[in-house]
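What follows is a short report on a single structure.
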Amino acid sequence: MPELPEVETIVRELQECLPGKQLTVIEEFYPGTVRVSSKLPSINLNHCVFYGIIEEVFRRGKYIYLVFSSGYAIVIHLRMTGKLVILSRASSIKDNIVNNQNNDHSYDLKHIRATFIFSDDTSLIFNDPRTFGKIDLIPFCDLELLFDKLGYEPLSSEFNSDYLGEAFLERRISLKKSLLNQNIVAGIGNIYANEILYRCKLLPSRIVSNLLEEELINLVTAIKTTLAEAIDCNGTSISDYRRVDDKQGTFQNFLQVYGKKSCPLGHSLSVDKFDGRSTYYCPVCQK
DNA sequence: CCCCGAACCTGACAGC
DNA sequence: TGCTGTCAGGTTCGGG
C-alpha cells in the first residue's frame, strides 16, 4: 500500500510523538512479523526487556527507522496493508487483544500483528491484514548495509538526470519497471509510477537506455513534483492507507490516471500488466 | 542481465 | 444470499 508520500506522512507524525519514549516490551501476535537480527542474541521477545530510548525516527525509501539509545534500530516496512497507530493506555489494549475483544476501539483488533509498549503506558500498534509487513530489530551499525541496497532518495539533490542517465546506461528494462526498482530510486510504488509517467508524457514500455536527455529531465521533474505534491496532501488514501491518527490523505483527489477510465484530456486509458502490476497510461498523450 | 511467475496473506468486489 | 473467481498500493526468490 504505502509508497514514499504515505510513509513520509506517517514518519512525520511519529517524529512528533515517539522521540524520548522508552520502549519496554515488544509483543508479537502474528509469528514472523518481528525478526531479530542474529547479531542481537540478547533480545528475547518473550521476556520484558529494557530496549532503550527512541532517539530518532526517519524514513529511507519505504522503510521507517526507529533509532534507540541502546545501539540498535528497528526497521519497519508496511508492505501492502500495514498501518501504525499510536494509542494511550497500552495495558488495556493488550488485554483486549489477548481476549480478542473489541470494546471501545474503532479499529480492528484482529489484524494487530505486533505492539510496542512504552514506559508511559502508551503504545504503537502495528496493524496489517495481509501480514506482509515486517519489523526488524538490527544493530545500529547494520543500518548502513540497508541504505546501500537502496537507490537515491527521489527528492534529494543527488537524484537528477545525470544520475538517472548513468543508472539507465545500457539497461534494456522498461521505464515502468525501472521506477519500481528500489535499487535505482527508493520509494516509488505502482500508483505514483503511473502518475509520474503520465505527467512526463512517457510510455511505461519505453526502454530506459533509449531515453533522450530532455526526456530524462522531464522524468526527474515529474518524479519530484508528483511526490512533493502527494506529501503536501499527506499521501493517497485509496483503500487501506490511513495516517497515524487514522485520518486520510487527499492525493487520491488529484490522481490523473491510476484507476481511471480516461485521462484529463478525455482520451481512453489503456490498462496493461507490466511486471505483474496494473499499469494505466494514455496511448495518445504518452510517447 | 533480464523476464516471468510464484510465494507470502486477507478482504473487497463483481458476476452468477 | 451465497458461492466463486479476480484483484489489490510490495518484495524476494528461483528458474529459464
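What you see is a predicted model, and the numbers here were worked out from it, not measured in a lab. In what follows, every chain begins at residue 1, and chains take the letters A, B, ... in the order their sequences are listed.
Using a 4.0 Å cut-off between a side-chain N of Lys or Arg and a carboxylate O of Asp or Glu, A/Glu215 and A/Lys201 do not qualify as a salt bridge. With respect to the salt-bridge test (charged N to carboxylate O, under 4.0 angstrom), the residues A/Glu195 and A/Arg199 do not qualify. Under 4.0 Å is where a charged nitrogen must lie from a carboxylate oxygen, and between A/Asp128 and A/Lys83 no such pair does.
For the pair A/Arg113 CZ and B/dG11 C1', the interatomic distance rounds to 12 Å; values are reported in whole Å. In this structure, A/Arg130 places its CZ atom 10 Å from P of B/dT10, rounding to the nearest Å. The separation between A/His111 atom NE2 and B/dC8 atom C1' is 16 Å, rounded to whole Å.
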Give me the distances for all protein-to-nucleotides 2-6 of chain B N/O pairs that come in under 3.5 Å?
unit_1 : atom_1 : unit_2   : atom_2 : d
B/dC2  : OP1    : A/Arg171 : NE     : 3.4
B/dC2  : OP1    : A/Arg172 : N      : 2.9
B/dC2  : OP2    : A/Arg171 : NE     : 2.7
B/dC2  : OP2    : A/Arg171 : NH2    : 3.3
B/dC3  : OP1    : A/Arg172 : O      : 3.2

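The backbone N or O of A/Val67 lies less than 3.5 Å from no partner atom in the side chain of A/Glu55, so there is not a single donor-acceptor pair.
The nearest pair of heavy atoms linking A/Phe159 to A/Pro154 is CD2-O, 3.3 Å. Between A/Leu150 and A/Ala186, the closest heavy-atom pair is CB-CB, 4.1 Å. What you find for A/Glu170 and A/Ser209 is that their closest heavy atoms are N-CB, 3.7 Å.
Residues A/Tyr51 and A/Phe68 keep their aromatic ring centres 6.0 Å or farther apart.
Ring-base stacking between A/Phe132 and C/dT11 is not satisfied when judged by a centre separation under 5.5 Å and a plane angle under 30°.
Rounded to whole Å, the separation between the P atoms of C/dC7 and B/dG5 comes to 13 Å. Comparing the P positions of C/dT11 and B/dG11 gives an interatomic distance of 22 Å, to the nearest angstrom.
When base pairs are accepted only as Watson-Crick or G-U wobble with both N-N or N-O distances under 3.5 Å, DNA chain B takes part in stems of 3 or more pairs at B:2-8 with C:10-16, B:10-16 with C:2-8.
Residues from residues 182-190 of chain A lying near DNA chain C, meaning a heavy-atom separation below 4.0 Å, are A/Gln182, A/Gly189, A/Asn190 in numerical order.
A cation-pi arrangement is found for A/Arg60 relative to A/Phe147, the charged atom lying closer than 6.0 Å to the ring centre and inside a 45° cone about the ring normal.
For A/Thr131, the listed nucleotide lying nearest its side chain is B/dC9; candidates were B/dG11, C/dT11, B/dC9.
For the residue pair A/Asn183 / A/Asn181, a side-chain donor-acceptor distance below 3.5 Å is found, with atom types taken as modelled.
Heavy atoms of A/Lys62 sit under 4.0 angstrom from primed sugar atoms or phosphate atoms, though from no base atom. If you check every strand for non-hydrogen atoms under 4.0 Å, A/Lys273 touches sugar and phosphate atoms only. Among the heavy atoms of the strands lying under 4.0 Å from A/Tyr30 are primed sugar atoms or P, OP1, OP2 only; no base atom is included.
Map A/Tyr258 and A/Tyr63 each onto its nearest nucleotide of DNA chain C; the residue landing nearer the 5' end is A/Tyr258.
Taking the six-membered ring where the residue is Trp, A/Tyr65 and A/Tyr63 present tilted rings, their angle falling between 30° and 60°.
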